[in-house]
Protein chains: 2
Amino acid sequence: MFLSTTTNNLDAKGRISVPSDFRAVVGDGNFDGIIIWPSFDGDYLEGGGINLLEDYQKSLDMMDYYDEGRVALQRAIFAESRRLPFDSGGRVTLPKELAEYANLNGRATFVGLGRRFEIWNPEAHEARSAEVRRLARANRGRLVSINTQNGGGS
Amino acid sequence: MFLSTTTNNLDAKGRISVPSDFRAVVGDGNFDGIIIWPSFDGDYLEGGGINLLEDYQKSLDMMDYYDEGRVALQRAIFAESRRLPFDSGGRVTLPKELAEYANLNGRATFVGLGRRFEIWNPEAHEARSAEVRRLARANRGRLVSINTQNGGGS
DNA sequence: TGGGATATCATGGGTTTTCATGGGATACAA
DNA sequence: TTGTATCCCATGAAAACCCATGATATCCCA
């Protein structure tokens with residue numbers, strides 16, 4: 001599970017450290033790294049482990065073969081995604097197009113969202129956080145229903 | 001189930017003992033520690049075991065993918081939360097930002113609320129509980145609605 | 001039921017390991 | 001060659017780990 005928010009340096013070589021908490025949840029024994037693609041919702045990147053993409057694949061498999069939504073998602077996610085392996089220090093090299101897409105220069109913010117994460121320009125993320133907090137407060141009634149719905153798991 | 005209220009020391013290294021009663025209910029075999037995030041309802045912290053977050057995730061998964069409330073809640077909880085492992089003595093290291101958010105210096109109060117718990121500045125907690133008692137005397141009906149609103153924990 | 005023995009807990013301090021980061025060296029490709 | 005990607009090592013800071021101690025709570029047995 002991807003948790004918490006971390007801002008790390010993007011060096012001159014385009015390398016950036018993936019937070020160690022994130023690294024701990026992406027290993028599948030086969031590929032040691034992350035998958036990144038440009039969000040089709042804004043100027044930031046989305047990403048996750050290889051297993052996230054496999055889950056998406058399963059969801060798409062359940063859609064009709066000629067469903068235009070299926071094709072669009074395939075193109076938006078699979079075609080645009082890049083597989084970024086860790087170096088010995090737990091860093092990845094961010095392709096220039098992706099860094100430019102998200103306006104990343106010098107620093108970048110990893111945002112854990114459970115199954116997946118996002119990579120933001122720090123200022124852009126900061127600018128959006130106030131609105132997010134407002135929305136979260138507005139929707140906290142739904143969180144209450146989540147609390148009662150599961151009736152005391154812990 | 002998180003029960004009772006305990007105030008412990010926050011040392012110079014930012015470490016604080018999690019009440020042993022709380023520690024006994026958070027193990028999931030994989031991660032031995034707690035998850036903490038700033039409440040979006042006030043200057044205190046909320047927390048629970050990893051399984052609480054997993055329950056939140058399952059519930060959020062059932063909401064529509066493009067639901068703005070879903071995304072806001074994901075960001076408010078998953079992105080803001082921190083994973084704090086226990087040391088050998090059952091303590092966690094509280095990140096500075098979170099300690100500052102809740103105005104914690106020297107001491108902190110763990111408040112058990114059933115499925116989750118809260119961490120308060122002791123004086124702030126004392127002040128609030130006095131206010132809650134006052135409200136209870138002044139208006140019982142309102143106290144009842146507060147109880148249910150909190151997710152029916154005990 | 002008393003009282004000593006034992007375990008647990010909260011806390012302090014020191015040491016080791018990990019992490020994020022920088023830079024150089026090497027392989028590869030345009 | 002020139003730019004780019006990959007690999008390896010160095011380093012300071014922060015986090016995790018280990019051991020010690022006093023206080024409290026629990027247990028045990030006469």
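Labels below follow one simple rule: chain letters A, B, ... track the order of the sequence lines, proteins then strands, and each chain is numbered from 1.
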Can you measure [X] atom [atom1] to [N] atom [atom2] for me and round it to whole angstrom units?
| X | N | atom1 | atom2 | result |
| --- | --- | --- | --- | --- |
| B/Lys13 | C/dT16 | NZ | C1' | 11 Å |
| A/Asp21 | C/dT18 | CG | C1' | 12 Å |
| B/Asp11 | C/dG14 | CG | C1' | 13 Å |
| B/Arg82 | D/dA14 | CZ | P | 14 Å |
| B/Leu94 | D/dA15 | CG | P | 11 Å |
| B/Ile16 | D/dA15 | CD1 | P | 16 Å |
| A/Leu10 | C/dG22 | CG | C1' | 14 Å |
| A/Leu98 | D/dA5 | CG | P | 12 Å |

With heavy atoms under 4.0 Å as the rule, sort [X] into base, sugar-phosphate or nothing.
| X | answer |
| --- | --- |
| B/Pro85 | sugar-phosphate |
| A/Asp87 | nothing |
| A/Lys96 | sugar-phosphate |
| A/Val18 | sugar-phosphate |
| B/Gly89 | base |
| B/Ser20 | sugar-phosphate |

| query | 5'-most contact on DNA chain D: A/Ser88 or A/Pro95, nearest heavy atom basis? | reply |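 By nearest-heavy-atom nucleotide position, the 5'-most residue is A/Pro95.
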
| Is B/Arg91 close enough and on-axis enough to B/Phe86, meaning under 6.0 Å and within 45°, for cation-pi? |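 Judged by the rule (NZ or CZ under 6.0 Å from the ring centre, within 45° of its axis), B/Arg91 is not positioned above B/Phe86.
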
| field | Non-hydrogen atoms of B/Arg82 and B/Leu98 that approach each other most closely | value |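 Distance-wise, the nearest heavy atoms are CG-CD1, 3.7 Å.
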
| query | What are the two closest heavy atoms between A/Ser39 and A/Glu46, and how far apart are they? | reply |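 For A/Ser39 versus A/Glu46, the nearest heavy atoms are OG-OE2, 3.1 Å.
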
Which of these nucleotides, [options], is closest to any side-chain atom of [X]?
| X | options | result |
| --- | --- | --- |
| A/Arg91 | C/dG12, D/dC9, C/dA10 | D/dC9 |
| B/Arg15 | C/dG14, C/dA10, C/dG22 | C/dG14 |
| B/Ser17 | C/dA10, D/dT6, C/dG23 | C/dA10 |

| said: Classify the ring geometry of B/Tyr56 against B/Trp37: parallel below 30°, tilted from 30° to 60°, perpendicular beyond 60°. | reply: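 The rings of B/Tyr56 and B/Trp37 stand perpendicular, inter-plane angle above 60°.
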
| task | For the pair A/Phe2 and A/Phe22, name the ring-plane relationship: parallel under 30°, tilted 30 to 60°, perpendicular over 60°. | result |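 Judged by the thresholds at 30° and 60°, the geometry between A/Phe2 and A/Phe22 is perpendicular.
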
Report yes if a side-chain nitrogen or oxygen of [X] is closer than 4.0 Å to either non-bridging phosphate oxygen (OP1 or OP2) of [N]; otherwise report no.
| X | N | result |
| --- | --- | --- |
| A/Arg23 | C/dA20 | yes |
| B/Arg83 | D/dA16 | no |
| A/Asn9 | C/dT21 | yes |

| said: Would you say A/Leu84 ends up clustered with A/Leu52 if hydrophobic residues are merged whenever their side chains have heavy atoms under 4.5 Å apart, either directly or through other cluster members? | reply: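 Unlinked, A/Leu52 and A/Leu84 end up in two clusters.
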
| request: Quick one: the dot-bracket string of DNA chain D, using Watson-Crick and G-U wobble pairs with both distances under 3.5 Å, [ ] for crossing pairs and | for bases paired to another strand. | output: |.||||||||||||||||||||||||||||

| request: Kindly indicate, with the supporting measurements, whether the criterion side chain to side chain contact (heavy atoms under 4.5 Å, CB included) is fulfilled by A/Arg15 and A/Val92. | output: CA-CA 6 Å; A/Arg15 296 178 302 184; A/Val92 296; over 6 Å; no

| query | Side chains of A/Thr109 and A/Thr7: do they bring a donor and an acceptor to under 3.5 Å? | reply |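 Result is yes, a qualifying pair exists.
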
